[in-house]
Amino acid sequence: MTIEIANTKVIDQYIRQDRMPHIWCPGCGIGTVLHALIRSLVKGGYDMDKVAMVSGIGCTARAAGYVKMDSFHTTHGRALPFATGLKLANPDLKVILFSGDGDLVSIGGNHFIHAARRNMDITVICVNNFNYGMTGGQMGPTTPTGARTSTSRSGNYEPSFSIPALAAASGAVYVARWTCLHLRQLENSISEALTRKGFSLVEAISPCPTVYGRLNKQPTGLDQMKYYQTASSVENGADPMKVGIELNGKITCGKFVDIERPSYLEMAGFDKETR
Amino acid sequence: MNYWRKPLDRDKVKPGDFEVHILKDRCKGCRFCIDFCPRQVLRDSDDLNTKGYRPAAADPAKQCINCGFCVIVCPEFAVSVAMRLEKEPNV
Amino acid sequence: MSNNGHLSGSFYFNGDIACAEGAISAGCRFFAGYPITPATEIAERMSERLPEIGGVYIQMEDELASMAAILGAAWGGKKSMTSTSGPGFSLMMENLGLGYMTETPCVVVNVQRAGPSTGLPTLVAQADMMQARWGAHGCYSAIALCPSSPQEMYDYTIKAFNLSEKYRVPVLLMADEAVGHMSEKVTITPPEKLKLVTRRKPTVSPDKFNPYQPDADLVPPMANAGEGYGFHVTGLTHDERGYPVMTPQAQEKLVRRLVDKIDKNRDDIIEVEEWDTDDAEVVVVSYGISARIVRYAVELARKEGIKAGMLKLITVWPFAESTIKRLAPRLKSFIVVEINAGQIVLEVERCAAGQTKTVLLPGMGGAVHHPDVILEAIRKAAK
C-alpha cells in the first residue's frame, strides 16, 4: 500500500519554509487569509515571478515576509503609495497589498481613499481584526463602539469605520467582505478581485484572540470563529453603507460592489504606449 | 451514514481512502480544524509538541471525506490530506 | 530634441526646471510629487516632460506618499525622483529612512525655504542641512549635494542619480529658493558625453541570490521586482537574505555597513571647490546660493590685499573632513556663511579641532547675505 498526496501542501511551494513557524498567535486568522490568497493565485495560474506583495506594518503586514515572491514590508500606512510606485514603474506586475485594518484605514487612510479614487490597479486584501494587534491590542478606527481594548478599558466610545463603505465611497470597483470561516467564498472573491482592472478590495474578518477577543468575551480564536458562524449572513449586493459591524453584532458578508470604470493605467494611457 | 434517500449511483461510487496529516510541530493548537471538521476526524493529540502546544491529531478510525476544510482553515499551513491508494503487490 | 527625450543646446532656465531636465538626462522616468513652493516648478516640468518620453508622473496625495511611491518605483526598475521644500521634506523623513534601510536608489530634491513650519514659503534659507543629515531616525550616512546655480542644478541632479545608483542610497539635492527660482543659461550635456551609472545587477541565479549580500565596496547588487528573484525587502533589521533578524548582532552588521558604505567611499563621493586657498589666511566656507555671494566678497578682499580664500562645499554630506583638516593648521580663521542659525559651522568647528578660529555668519532666512557683511568679517578675521 502506498500513500499519494491528494490535495495539499501545494502551499509549501509558495511560502518561505525557512521562516516557518510564523509569528502569528494561536487562533489568529491571518495565516488562513494568506492561505486563501495563495490558493487564488495558484488557481488563477499567475506567474509568481510577476506577482509582488506589498505590506505596511503590523501583524498582517508580516505576511509579505512569508511568501515566496517579490515582497515588500514597508512603513506603517505607506504600503499603498509604495505599491502605486511599484505598479506604475512596472505595469506588468500583479501588485497585491496585504494589510491590516489599522495600517490601511487609520494611518494609511488618506492613501487608501486616494488609491481608490484613482482606481489604481492594485488588489487589496485587508485583514480586519478590529484592533492594533502587534502593539498589544489598542483601539483603532475599526474597533466597534463599546469594545474594550488596552486603550479603551471601559469601552470604546468612538464610532467605527466600515471598510467596505469607505472603499465603495472612495471609488473601488470591487468590494467584498468575508470572515475567516467563509474560506471558499473568500478564495473566490480574491480570485475575482485579482482579475478586476482598478482598485479592488477584499476584507477578511479575522480572529485576534490574544489581545482583542480576551477583552471582549471571545477569549479564543475558536470562540471568535463560532461567533462568525452564528452572527454572519451572506448578502451579496448589499448596500456597503449598511454593512457596519457592531460589537459582537451581525456581520454582513458578500460581494457588495462589482462595477467597471476606467482604471488609472487606462486613464493614464498605459495601454496605448510602451513605458 | 443514514441517507433520507439513496443516491442512485451509490453502489458504483467508492469514496477514496483519505488520511489527514498534521505537521505536529507547526501546529499551535487553535483547534479550528478539530471543531469544523464535518466528520469529526480530528481530535486533540495526547502529547504536546516541541513548542508546548497540544497539536491536533487525526483519529484513524474515522473516515475523512477530503472536504479539505481543515487544510484551508489551518492558519499554520500545517494540515494536509493524503489519499491512500491500494497497490497490487508485485508478483 | 533627440528621441530619448534629451534636449540639446543651451537654455534660459530657472533652477527648478534645470533640475527636472537634469533628472531626465540622468534617465529618471518616474516622478511622484506634491505641489509646494518653491519646488513646484520641478513637478510641473516633470508632469509635462515625462509622459512625452515614456516616463510616469503622478501627483500623490501628500509628501509621505510621494516618497513611498518613488521607493516603490525604484524597486519596479525605474530611476525615480521627488521634489519638495521644508514642510514636505519633514513628511518625507519616515520613508526616507525606509530608503536608507532598504538601500533604495532615488533622488529627493529639497528646494529649501525659510522655516520652521510654514515660515517664508517664497524666500530663501539653508536651514534644513542638519535635517538632511539626521532627519530620519536611527543611524545612517547620507549623501547631500548643494547646487549654487541653475547649471549646477542640472549637473548635480545627474550626479545625484549616479551616486544613488552606485551606492544604493537615497541622495538629497539640497537646493534653495534662490537657486530654484533664478534663471540663467543652462547648457544641456549631450547624451554621448553623459556618464551615467547603471544599477548593479545580480550575477548569480535566483536560488543563490541574497538581496543584501554586499560586494567588496559594501554595496549589494540590486534585483528589480518581476525579474524572478523572489526577494524580500523589509524596513526591519535584516540579514543578507533580507529576512528580519531581531538581534544586536544583526543590527551591528547591517547598520555598520549602511554607515560604512558611504563613509569609506567618501573620497569618491565628496566634491568641493577651492579658490585661492593655497596662500590663504582666511578661508570662507559656504555652499548653495551663499557660496556665490562669498565668491564676490572674497574677490573684493583679495583686491584689498587680504589673503582670503574660499571653500565651496558641493557635497555637504558626507562632510569634507579631510579638506578642513588640511586647511585648518595654516589659517587665521575659517568663516562659515550659511542662511541658518549655525549648522555646517558645527562640522567645520569639529574638524578644525581648535587649530584655528571658526567664525559664523548666520542668517535666519528670507534673504541672502550682503557681500559687505562677509567682506567686513574677512577684514576682521585677517587682522
Side-chain angles (χ1 to χ4, degrees), chain A residues 14 16 18-19 23 47-57 61-62 64-95 107-115 117-118 120 264-265 268-270 273-275, chain C residues 29-32 50-80 82 93-99 101-102 104 106 136 206 211 223-236 238 241-244 246:
Chain A
Y14 303 100
R16 295 183 188 274
D18 48 352
R19 295 212 58 212
I23 62 160
D47 175 2
M48 293 295 181
D49 287 347
K50 298 287 175 199
V51 179
M53 187 193 277
V54 182
S55 71
I57 294 294
R62 285 299 192 102
Y66 298 129
V67 291
K68 228 185 247 178
M69 57 175 87
D70 295 332
S71 52
F72 301 91
H73 180 225
T74 67
T75 40
H76 200 18
R78 319 297 167 217
L80 262 173
F82 187 100
T84 296
L86 186 64
K87 177 72 185 176
L88 294 182
N90 185 354
D92 294 339
L93 288 175
K94 185 96 217 154
V95 178
I107 188 166
N110 195 30
H111 309 308
F112 180 75
I113 59 175
H114 287 284
R117 170 183 65 78
R118 291 187 186 104
M120 189 56 66
Y264 186 90
L265 290 187
F270 275 76
E273 45 191 296
T274 320
R275 286 183 191 248
Chain C
R29 291 298 178 269
F30 183 91
F31 184 96
L50 280 177
E52 65 189 31
I53 56 171
V56 180
Y57 168 87
I58 182 166
Q59 192 158 307
M60 297 304 289
E61 51 273 17
D62 53 32
E63 287 90 348
L64 300 160
S66 304
M67 187 65 217
I70 67 164
L71 296 180
W75 283 102
K78 290 273 202 296
K79 286 186 179 178
S80 59
T82 186
M93 286 303 143
E94 178 195 34
N95 287 303
L96 198 57
L98 180 68
M101 193 56 148
T102 57
T104 309
C106 59
N224 299 329
E227 293 179 342
Y229 287 90
F231 55 83
H232 179 55
V233 170
T234 176
L236 289 165
H238 45 268
R241 297 171 300 170
Y243 291 179
M246 301 294 102

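A, B, ... follow the sequence lines: proteins, then strands. Residue 1 opens every chain.
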Taking atom CZ of Phe82(A) and atom OG1 of Thr102(C), what is their separation to the nearest 0.5 Å? 6.5 Å
Sub-4.5 Å side-chain heavy-atom contact between Phe270(A) and Val56(C): yes
What pair of heavy atoms forms the shortest contact from His232(C) to Ser71(A), and how long is it? ND1-OG, 2.8 Å
Give, as side chain, backbone, both or neither, the part of Arg118(A) having an atom under 4.5 angstrom from any heavy atom of chain C. side chain
Does Arg19(A) make a cation-pi contact with Tyr243(C) (under 6.0 Å, within 45 degrees of the axis)? yes
State, to 0.1 Å, how close Trp75(C) and Leu86(A) come at their nearest heavy-atom pair, and which atoms those are. C-CD1, 3.8 Å
Identify the two heavy atoms, one from Lys50(A) and one from Gly226(C), that lie closest to each other, and give their separation to 0.1 Å. NZ-O, 2.8 Å
What I want to check is whether the side chains of Asp62(C) and Asn110(A) have a donor and an acceptor closer together than 3.5 Å. yes
For Gly230(C), is there any backbone N or O sitting under 3.5 Å from a side-chain donor or acceptor partner on Asp70(A)? yes
Among His111(A), His114(A), Arg117(A), who wins on heavy-atom pairs under 4.5 Å with chain C? His111(A)
Taken to the nearest 0.5 Å, the spacing of Ile23(A) CD1 from Met246(C) CE works out to 10.0 Å
If one checks every heavy atom of Ala225(C) against chain A at 4.5 Å, the contacting part turns out to be both
I would like to know whether Arg62(A) and Leu236(C) meet side chain to side chain contact (heavy atoms under 4.5 Å, CB included); could you show each step before the answer? CA-CA 10 Å; Arg62(A) 285 299 192 102; Leu236(C) 289 165; 3.5 Å; yes
Using non-hydrogen atoms only, which part of Ile58(C) is less than 4.5 Å away from chain A: side chain, backbone, both, or neither? both
When rounded to the nearest 0.5 Å, the distance separating OG1 of Thr84(A) from CE of Met60(C) is 4.5 Å
To the nearest 0.5 Å, how far apart are CE in Met101(C) and OG1 in Thr75(A)? 12.5 Å
What part of Phe231(C) lies closer than 4.5 angstrom to a heavy atom of chain A: side chain, backbone, both or neither? both
Is Ala83(A) close to chain C through its backbone or its side chain, or both, or neither, when contacts mean heavy atoms under 4.5 Å? neither
Looking only at heavy atoms, the pair that brings Arg78(A) and Ala68(C) closest together is O-CB, 3.8 Å
Specify which of Gly77(C), Gly72(C), Ala65(C), Ala223(C) makes the most heavy-atom pairs with chain A at under 4.5 Å. Gly72(C)
Please tell me if the side chains of Ile113(A) and Glu61(C) come closer than 4.5 Å, counting only heavy atoms from C-beta onward. no
